[in-house]
Trainee: 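Here it is, the structure in full.
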Number of protein chains: 2
Amino acid sequence: MARRGDTIELAVLGLLHEGPMHGYELRKRLNLMLGWGRVLSYGSLYPALKKMLRANLIREVSAAATPTSRRPRIVYEVTPAGNEEFQRLMSEVGPTAWEDDNFDIRFAFFSSTDMEIRLRVLEGRRSRLQERLARVQAELARTQAEVDRYAGELQRHGVESVEREVRWLSDLIRAERGDSEAPPTRSAGTAGVPTPSD
Amino acid sequence: MARRGDTIELAVLGLLHEGPMHGYELRKRLNLMLGWGRVLSYGSLYPALKKMLRANLIREVSAAATPTSRRPRIVYEVTPAGNEEFQRLMSEVGPTAWEDDNFDIRFAFFSSTDMEIRLRVLEGRRSRLQERLARVQAELARTQAEVDRYAGELQRHGVESVEREVRWLSDLIRAERGDSEAPPTRSAGTAGVPTPSD
DNA sequence: AATTTCATGTAATTCGTTACATGATTCC
DNA sequence: GGAATCATGTAACGAATTACATGAAATT
């Protein structure tokens, strides 16, 4: 099952899916990807790579590909087993997949899965947010004038942020379903909608 | 110095600042406060309370206050030393204070500090977000059409979210400075602006 | 009478960070 | 030739979670 800590594993597999890469570069790409607050440290990445290497999910690319010089870099690529694991993790849509980081990772690699899974992830995330929204709004209504000025302002802002994300998700779901004509968000006209005919 | 893990401590001190409470209730309030994703477990809270008890930041309220029955609850209150520590932590505005959770906690207890500190926290948070924004947007412009459809959509949504928060912070800063007339956000007319005359 | 919620706690584990340590390569 | 960046790794540590364990009070 997808434990909490499979986040890095999934991310690495997803990135290597695009092509071979070495650790340092993986870290840079990763930090950009979930870059809002979190930065992955070497102390997390390299041990994770070693572990995946042992598990045969990735392998070192024979250095031959870099002819001129440049030795110290260790370039990794996904093994067939790694690709299987990647698909397995992507399609394993459970509670952990709705969580912020895990959702982001999955979303970023949506191109590597099919629409069915995309929809499940998007809809799962949406329901989860809507549940929370309902709960907090109920609480907000109950305690009404009672709450502190700033605490209340914070909660209001939180609610609005989540409402915004729900709308975003709804747009994406609509686009994904091919209700057509509607671009995912405000992007340029034709591009951006994944045509089911592919 | 404010280490990463002082988050719970600050939150507990802040909540008890409003009045005595027992662990279970503290947890509920806490989960509501930073309720978007995180839930604090007993395994974190109770040891933290014990630690604070030892450090003399909080003390048990003599059970006399609950006359009818109800024994098992252990109600805590802040000690003078705890209040000092609370003020110290609140005014200690460093990098850790701009982080998501720490910022939220501090914001929620803004009523218990003065405007000077509020402004420092708000402005600090804003600069931090703006820095990130600049960095990501630069990256976004550089890699332009190159990026994956979904990865790009995620980044765009991230940027917009942060931009929204920056606007929110700017509103709050303006209100805080008493540029007057401008309510903090969209709240009801007169209320909500902290009048400096208090 | 039984189930749920309230209420407190401990032990083991996990995820990940910080700090440390090292060395090659490229830019100035 | 020196500084910055690239690049890889280890050890110690920290914060918080999960799982475990227990029991009282309230609700159905």
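Values reported hereafter were calculated over all heavy atoms of this structure, with side chains retained and with hydrogens, waters and symmetry mates removed. Lettering of chains follows the sequences in order, A, B, ..., and the numbering in each one begins at 1.
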Trainee: What's the CG-C1' distance between L26(A) and dC6(D), to the nearest Å?
Mentor: 14 Å

Trainee: Can you tell me the distance, in whole Å, between the NE2 atom of H22(A) and the C1' atom of dC6(D)?
Mentor: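 Going from NE2 in H22(A) over to C1' in dC6(D) covers 7 Å.
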
Trainee: How close or far is atom P of dA7(C) from atom CG of N31(B), stated in whole angstroms?
Mentor: 15 Å

Trainee: It should be established whether Y24(A) places a side-chain nitrogen or oxygen under 4.0 Å from OP1 or OP2 of nucleotide dC6(D).
Mentor: yes

Trainee: Donor-acceptor pairs are to be reported for all side-chain atoms of residues 13-23 of chain A against protein atoms at under 3.5 Å, with residues two or more places apart or in another chain.
Mentor:
unit_1: H17(A); atom_1: NE2; unit_2: N83(A); atom_2: OD1; d: 3.4
unit_1: E18(A); atom_1: OE1; unit_2: R29(A); atom_2: NH2; d: 3.2

Trainee: Does the ring of Y24(A) carry R73(A) above it, NZ/CZ under 6.0 angstrom from centre and within 45° of its axis?
Mentor: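 Not satisfied by the 6.0 Å and 45° rule.
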
Trainee: Side chain of Y42(B) only, heavy atoms from C-beta on: which candidate in dT17(D), dG9(C), dT18(C) is closest?
Mentor: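 Nucleotide nearest to Y42(B)'s side chain: dG9(C).
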
Trainee: Verify the neighbour count for atom CD of E116(B): are there more than 12 heavy atoms of other residues, nucleotides or ligands below 6.0 Å?
Mentor: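 12 or below, so no.
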
Trainee: Apply salt bridge (Lys or Arg N to Asp or Glu O under 4.0 Å) to residues K28(B) and E25(B) and explain how you reach the verdict.
Mentor: CA-CA 5 Å; K28(B) 274 201 301 183; E25(B) 204 183 338; over 6 Å; no

Trainee: Tell me whether the rings of F107(B) and F110(B) are parallel (<30°), tilted (30 to 60°) or perpendicular (>60°).
Mentor: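 Tilted, since the angle between the ring planes falls between 30° and 60°.
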
Trainee: Using a heavy-atom distance cut-off of less than 4.0 Å, which residues of residues 43-50 of chain A contact DNA chain C?
Mentor: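 The stretch gives G43(A), S44(A) as the residues lying under 4.0 Å from the strand, ordered by number.
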
Trainee: Taking the side chain as C-beta and beyond, is there a heavy-atom pair between L119(A) and R177(A) under 4.5 Å?
Mentor: yes

Trainee: Tell me which residues in residues 53-60 of chain A put a heavy atom below 4.0 Å from DNA chain D, sorted by number, or none.
Mentor: none

Trainee: In whole Å, what is the span from the CD1 atom of I74(A) to the C1' atom of dG9(D)?
Mentor: 9 Å

Trainee: Select one nucleotide: of dA7(D), dG9(D), dA16(D), the one nearest the side-chain heavy atoms of Y76(A).
Mentor: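 Shortest atom-to-atom distance from the side chain points to dG9(D).
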
Trainee: What is the separation between atom NZ on K28(B) and atom P on dT8(C), rounded to the nearest whole Å?
Mentor: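 For the pair K28(B) NZ and dT8(C) P, the rounded distance is 11 Å.
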
